[in-house]
Amino acid sequence: MTVRTRFAPSPTGFLHIGGARTALFNALFARRHGGQYLLRIEDTDRARSTADAVRQILDSLAWLGLSPDEPPVFQSGRATRHAEVAHALLAMGRAYLAFETPEELQAMRERAAAEGRPPRYDGTWRDRDPAEAPPDRKPAIRLKAPRDGETVVADLVQGEVRVASAELDDMIILRSDGTPTYLHAVVVDDHDMGITHVIRGDDHLTNTFRQCQIYDAMGWHRPRFAHIPLIHGPDGAKLSKRHGAVSVLEFREQGYLPEAVCNYLLRLGWGHGDEEVIPRERAERIFDLDGVGRSASRMDYAKLTHLNSIYLRRADDERLTREVLERLAHRGVLFGTEGAERVRLLMPELKERAKTLEELAGAAAFAAQEGPPVIDSKAAALVATPEAKALLADLAQFLSDAPWERADLESWLRDYADVKGVKLGAVAQPLRAALTGSTQSPPIDAVLFALGRTEAMDRILAVAG
RNA sequence: GUCCCCAUCGUCUAGAGGCCUAGGACACCAGCCUUUCACGUUGGUAACACGGGUUCGAAUCCCGUUGGGGACGCCA
């Protein structure tokens, strides 16, 4: 049987980092076993689902490279089928009509809470004759759950977990308005979609037992379950916005690369010996459920950033140039084709020094922009003295007929420092300040080369006066 | 409250009874490299929650305690 997994978000908001990891694990598991990875949008409404959220989720998944192998299934379009199964259960005597109102149930729960009992449905209509129902009242359909024994789930991550039937009450599978409840819809959809492995957050572990009751009642084969631990914030509490970025799109905005985010997420809750840097292609070969841990993990932005810097260095220069130019334009930096070309030339050096695309853009700004850069305070101090200005003026003279190749520029600069009897740094730093407006930049010979003779001379003379 | 799950450095993890004086990675500290900044490199600080068992031997198995987390809707 070929493996089929699915990621089933509800479109009530953006895709967060925890959902992204669930999607990733589902996709990797399917790949690893040569199966398919599907997407089901759980928009069984409640007025909270929005088309905008669906759009965002799809965008986020696409960005992460986690688009499904088949078109997404929308749960809302399957209501008829959900009702059909509920009525089949009714016909089979595995479910019954329940006539109490939500208000009555609410009162029942409050009474239970007051008396310190678990809030469970008392089964009033389980054996009662529907003829006794109050007139004009629409019934909900409840599953007739087993009263004895226990339900056992052999979870692929959590191991064997069992719950006594006495802990579970008769859940509603079809509301009085004819719409399915979540627990029911999930089972019907997973069955119809041929899902073989349900990989999801372990907040669904307890739901699993009720879902199994539906599979069993219908005589359907249960899928394998794998409940993966949740991701918490750095402080151990539930991950929320106050911890920083949680939406996948926020990570994109902040300059993280999708492959770095995926690698980070992969290592959160899953390990394979000492391997840390695991590109997608390798992950698809080695990922499996037995490597998934059982305890919740915490979001560590520093480690994500570190991984990002690694992937940044490995990334294609053209791609990075495109990204950086886009971000610079967004920041309002003015540049033309020459500026863009300078950024492109410098990219191999720039990407070694940045941890995010945002940093990269910041470091590239001086090269992109037209004319002399804004000099920051540290850099200004380096070029403020008469000696520094004289040095720069002299350098400009020297460079006016230097050969314009990187290696040559470096040796000429070294020779120049030699002749002047100073260390290279004494020449490079003021030059760097004039050229980049900063005390930090890629190697000075690379900067000179990328800027080109004319632009370099202009910038030096603008400072030398 | 009831039920379920979890527990190795600050964080992510390796560890399937002897290979553990507990390994790697991030972060942090110090040194080296160096034209700045990064990168790289060398070294360092730092953990088996606690208490009982089982065993010749336990981070690894069992029980309990404590501490986290999750689920208990005509939400998903």
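Scope of the values below: all heavy atoms of this structure, side chains included, with no hydrogens, waters or symmetry mates. Numbered from 1 within each chain, the chains take letters A, B, ... in sequence-line order.
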* What nucleotide, of G73(B), C12(B), A76(B), holds the atom closest to the side chain of R109(A)? -> G73(B)
* Asked: Closer than 4.0 Å, any side-chain N/O of R175(A) to the OP1 or OP2 of C75(B)?
  -> yes
* Using the C1' atom as the reference point in each nucleotide, state the distance between C48(B) and C61(B) in Å, no decimals. => 15 Å
* To do: Among the candidates A76(B), U2(B), C4(B), find the nucleotide nearest to the side-chain atoms of E167(A).
  => U2(B)
* Asked: Under a 4.0 Å N-O cut-off, is there an ion pair linking R222(A) with D216(A)?
  -> yes
* **R78(A) to F74(A) six-membered ring, cation-pi geometry met (6.0 Å, 45°)** => no
* To do: For the side chain of L268(A), starting at C-beta, report the closest nucleotide among C12(B), A76(B), C6(B).
  => C12(B)
* Side chain of D376(A), backbone of K378(A): donor and acceptor closer than 3.5 Å? -> yes
* To do: May I ask you to say what D169(A) touches in the nucleic acid, namely base, sugar-phosphate or nothing, with a heavy-atom cut-off under 4.0 Å?
  => nothing
* Structure fact -> Taking a pair to mean Watson-Crick or G-U wobble geometry with both distances below 3.5 Å, G10(B) pairs with C26(B)
* Structure fact -> Each nucleotide of nucleotides 59-66 of chain B classed B (base within 4.0 Å of a protein heavy atom), S (only sugar-phosphate) or -, in 5' to 3' order, makes --------
* A47(B) and U36(B): how far apart are their P atoms, nearest whole angstrom? -> 37 Å
* Less than 4.0 Å between a side-chain N and a carboxylate O, is that true for K420(A) and D394(A)? -> yes
* Structure fact -> On a heavy-atom basis, the closest approach of V383(A) and P430(A) is CG1-O, 3.6 Å
* G51(B) versus C56(B) - spacing of their C1' atoms, nearest Å -> 23 Å
* Asked: With both distances kept under 3.5 Å, what pairs with C74(B), Watson-Crick or G-U wobble?
  -> none
* Provide, to the nearest angstrom, the distance between the CG atom belonging to D202(A) and the P atom belonging to C6(B). => 9 Å
* To do: Give none if G17(B) has no partner; otherwise give the nucleotide forming a Watson-Crick or G-U wobble pair with it, both distances under 3.5 Å.
  => none
* Mind checking the P distance from G17(B) to A59(B)? Whole angstroms is fine. -> 13 Å
* Between U8(B) and C3(B) - P atom distance, rounded Å -> 25 Å
* Backbone N/O of G255(A) and side chain of T356(A): donor-acceptor pair under 3.5 Å -> no
* Asked: Is any NZ, NE, NH1 or NH2 atom of the basic residue among R406(A) and E410(A) found under 4.0 Å from an Asp or Glu carboxylate oxygen of the other?
  -> no
* Structure fact -> Partner of C50(B) under the Watson-Crick or G-U wobble criteria, both distances under 3.5 Å, comes out as G64(B)
* Asked: Using atom P of each nucleotide, how far apart are G64(B) and A22(B) to the nearest Å?
  -> 31 Å
* Between D290(A) (CG) and A14(B) (P), how many Å, whole number? -> 11 Å
* With heavy atoms under 4.0 Å as the rule, sort G269(A) into base, sugar-phosphate or nothing. => sugar-phosphate
* To do: Quick one: label E275(A) by what it contacts on the DNA or RNA (base, sugar-phosphate, nothing), any heavy atom closer than 4.0 Å.
  => nothing
* T436(A)/R432(A) under side-chain hydrogen bond (donor to acceptor under 3.5 Å, both in side chains): CA gap, chis, key distance, verdict -> CA-CA 6 Å; T436(A) 72; R432(A) 188 184 317 277; over 6 Å; no
* Asked: What is the pairing partner of U41(B), taking Watson-Crick or G-U wobble pairs with both distances under 3.5 Å in any strand?
  -> G31(B)
* A71(B) to C28(B) separation - P atoms, rounded to the nearest Å -> 35 Å
* Using the P atom as the reference point in each nucleotide, state the distance between G18(B) and C26(B) in Å, no decimals. => 29 Å
* Asked: Would you call E259(A) and R280(A) a salt bridge, taking side-chain N to carboxylate O under 4.0 Å as the test?
  -> no
* Name the nucleic acid region contacted by I172(A), choosing base, sugar-phosphate or nothing; use a 4.0 angstrom heavy-atom cut-off, strictly under. => base
* Structure fact -> Exactly one of R142(A), R120(A), R126(A) clears salt bridge (Lys or Arg N to Asp or Glu O under 4.0 Å) with D170(A), and that residue is R126(A)
* Per the atom types in the model, does the base of C74(B) pair as donor or acceptor with the side chain of S176(A) at under 3.5 Å? -> yes
* To do: Mark up nucleotides 25-45 of chain B, 5' to 3', with B wherever a protein heavy atom is under 4.0 angstrom from a base atom, S wherever such an atom reaches only the sugar-phosphate, and - elsewhere.
  => BS--------BBBBS------
* Asked: Is L230(A) touching bases, backbone alone, or none of the nucleic acid, heavy atoms closer than 4.0 Å?
  -> sugar-phosphate
* Asked: When all nucleic acid strands are considered with a 4.0 Å heavy-atom cut-off, which category describes H227(A): base, sugar-phosphate, or nothing?
  -> nothing
* Asked: Would you say the side-chain atoms of N308(A) pair up with the backbone N or O of L257(A), donor to acceptor, closer than 3.5 Å?
  -> yes
* Asked: Just checking R294(A): base, sugar-phosphate only, or nothing, at a heavy-atom cut-off of under 4.0 Å?
  -> sugar-phosphate
